[in-house]
Structures are given as C-alpha cells and as structure tokens.
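First up is the structure itself, then whatever we jot down about it.
Note that the structure is a prediction, hence the values are computed from the model and not measured. Just follow the structure's listing: the first ligand is 1, and inside any ligand the first atom is 1.
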Amino acid sequence: MAVVRVEEVTKGLKILRVDDRETAYFEALWEIPEGVTYNAYLLETKEGAVLFDGWKSQYSQALIEALESLISPDDLRYIVVHHAEPDHAGSLPALLRWAPKARVLGHPLVGKMLAGTPGLNGRFEAVRDGGSLSLGGVELRFIHAPWLHWPETMMTWLPRDGVLLSCDAFGSFGAAPGVFDDECAGCPLEAWVRKYVATVIGRYRPSILRALGKLGSLGVEPRIIAPGHGVVWRSRPRWVMELYERLARAEPVEGKVLILYASMYGSTERLALALAGELARRGLKPVVHGFTDKRRPLIAEVIADALDAEALVVAAPTYEAGLYPYLRLVIELICEKAAAPKRLYILSTYAWGGAAVKRIRGIMEGCGFETMAFIEAKSVLESQSPTDKIANIADEISKVPSTRQ
Ligand code: FEO
C-alpha cells in the first residue's frame, strides 16, 4: 500500500506525493535504502486546474484516486510535463484517460519523446522558453532548463507566490516523514541531495550552473522550491540552490579524503586502513569504502563521497593481470559522474605481476584526476604495512591543496 501525502504548499497549490519504498535501485543502479518520492503538484484556479508532472506508472491508480479527492476530471485543464522520464511521466496515460479534456504542455522535445503515448495524439502543446500561461489570474512562466536531467527538462515559475516547480532540479533522495524541509529534523538532507546530484545529475553538472545563471538573470528568487523528488524547500530554498552549485563544481569538503579499496585476502585492506589511520592522526577526514570477501559498499555512496572529496585514494589488488573488476566499474562511474581535477593516490598489491596501478591511472587520469603518488607492493604473507611509505603518502595528502591556500 503506497503512502500518499496531499498537502497545501501555498494558497491554491497542493503537493501530491507518493513514497516509493519498493525501489531498491533507482534507475536500476543506485542503492536507495532511504527511499524516494515522486512529487506532483496541483494548482487550482477559478478557471480550472493544472497538474505539474505525475508519478511512476506503478502508482498511477493511486495518483488518480488522490486527484479524485480534489477535483473532477473536467476541471483538469492542463498537465505540464517538466520531464519525460517515466518516474514523473509514467502515469501520463492514466491521467489522459481520466481527464479527457486536459491538454499537455511541455518542452517541444516532450512531444517527440512521448509520441505514441496512448491518448496524447492531438493534445500536446509545446511551450517555448520564456513562454507563459495565465489561468484564473495565476501566471505560469515556463523556463527551459535542459539536461536536468534530460534534454527536454523545463521548470515553471509562479511569480504570484514565488514558487519554482523544478522537477529533478533541486530534488533529493529520501522519503522524509514530512513534506517540507522544516518538518524533517534529523533527516540527512544534505547527504540525500548530494547522493542524488552525484548519481542522477552527475554527468550533467555543468547544466546546473547554466540553470542557476539563467534563473538569476531572469530575476527568479524562489520563496519555495517544489521539486519532483524529496522535500519541498520552503524554509531554505537558497541553501539548496547553493548546495547544488557547490556540488556542480565538485567543491571539496575541507579535509575529506575518499579511500576506496578492494581486497581479496586482506593485503590491500591493510594498506588502505593504515593510511586511513595516518590521515585521521593528521586531522583529515578519511571516508573509507571497501570491497572485501565479507562486504561491499553502496556504490551510490562511493560516488557521492567522490564528488565532494578533496583527494581520492584508490587501493586495489591486481586481478588476472588487470584491475579488480568491481573497482574498475566504480572508478569508471566516478569518471562519468564525479570527475574533477583532484589529487589521486594509488595503493596496490600483487602476488605475481602488478598491473592495477597502470590501469587505475589510465582510467582516472583520462578524466581529469592527477596521480600524485602511488605504492605498488608485492604482497607477502603476514607482512606488515610498508609503514614509511604509508606515512609519506599521508604527509603528501595532508599538505594543504592549492584550492585551500
Ligand atoms: Fe526524476 Fe530524471 O527523472
């Protein structure tokens, strides 16, 4: 039974939110034990209603039931599709059946991307960037915001109430107990935003900066940001905009060092943990994720931690004359989602032939990381960590980077 919440955001505007606790892997990729929400918004005016976005298709019936408690089908004049991805547009066929008079508005690409959707033919109207619509005395201004996170993405600005309906942008993971950001004491909102930006929008981070610049040039200073995922930002809309900007720039958290390792029999783990201890002793904040024969990290968390780390340490054994496979996958994902010109340190062990260092450098230098130092050690049974070398690397990492000088 889906948890559905319907609450007033501002006069005439309601959020219709469903909490998805069934999806374990968002986009069939990213681990989300915190859940995710799909947020639609209903604007009611004296000349009819506008629905902004919808829910994932599995919740279509629940969305129709929520709407039925608020309006009759003939009241729904428009459905604004900010984004054609099925986590928002999946319920569109059901909405079109339920409200046969509703027109669909969206970026011109939406018409092409959703062509063939049952019931859509002849009902789609493209809206231009900067276009507007007035309904019952409420003005809607449409702002194209491409690549947040597909090419057709768009936002709607309601100047009367200072509400920005932003869909994926300014969204976050997490099915918080309250609808609003100020109803969520104890929720790790920053971590949920960071993970969402890193994994979902990560590849298109420059588009965040373009959108923020565009909103600024249009004089859009939202009083409330109403995204398609996560909490509604009514107490600190500026905070989430600034957080998005920092993440778009992969701005590091001072002293944060990601240590990512894989270890089959413990040799590489000993190096990685010894370095973590040395870094902590120097006042840095190592964040450690390791693949071992007993556990695996959440890959989404690793990518999120890569995005705002000051430096990265990648530690891996050589595996079949190449790179340990899961670690190869994760560093390729870091390159796709969280690449930045940051310092890279590599630790590796091998039994009969080293190759991991070369492979890690090949991948990560290819996307902007700069290898500052590495240790490649032959693993010896019951060996101790090469203490001096680890301490030297810790000293190197702890040097104040040029970005902080
Ligand atoms: Fe929430 Fe890009 O869809």
Quiz item: Around atom 2 (Fe) of ligand 1, what protein N, O or S atoms are found below 2.8 Å?
Solution: His83 NE2, Glu85 OE1, His149 ND1, Asp168 OD2

Quiz prompt | Carboxylate-amine/guanidinium contact Arg234 Asp182, below 4.0 Å | solution = yes

Quiz item: Atom CD1 in Ile303, atom CZ in Arg194: separation rounded to 0.5 Å?
Solution: 12.0 Å

Quiz item: Where do Glu245 and Leu209 come nearest, in terms of heavy atoms and distance?
Solution: CG-CD2, 3.8 Å

Quiz item: Is there a donor-acceptor contact under 3.5 Å from the side chain of Ser91 to the main chain of Trp55?
Solution: yes

Self-check item: Electrostatic pair Lys195-Glu34, nearest N-O below 4.0 angstrom
Solution: yes

Quiz item: Less than 4.0 Å between a side-chain N and a carboxylate O, is that true for Asp395 and Arg282?
Solution: yes

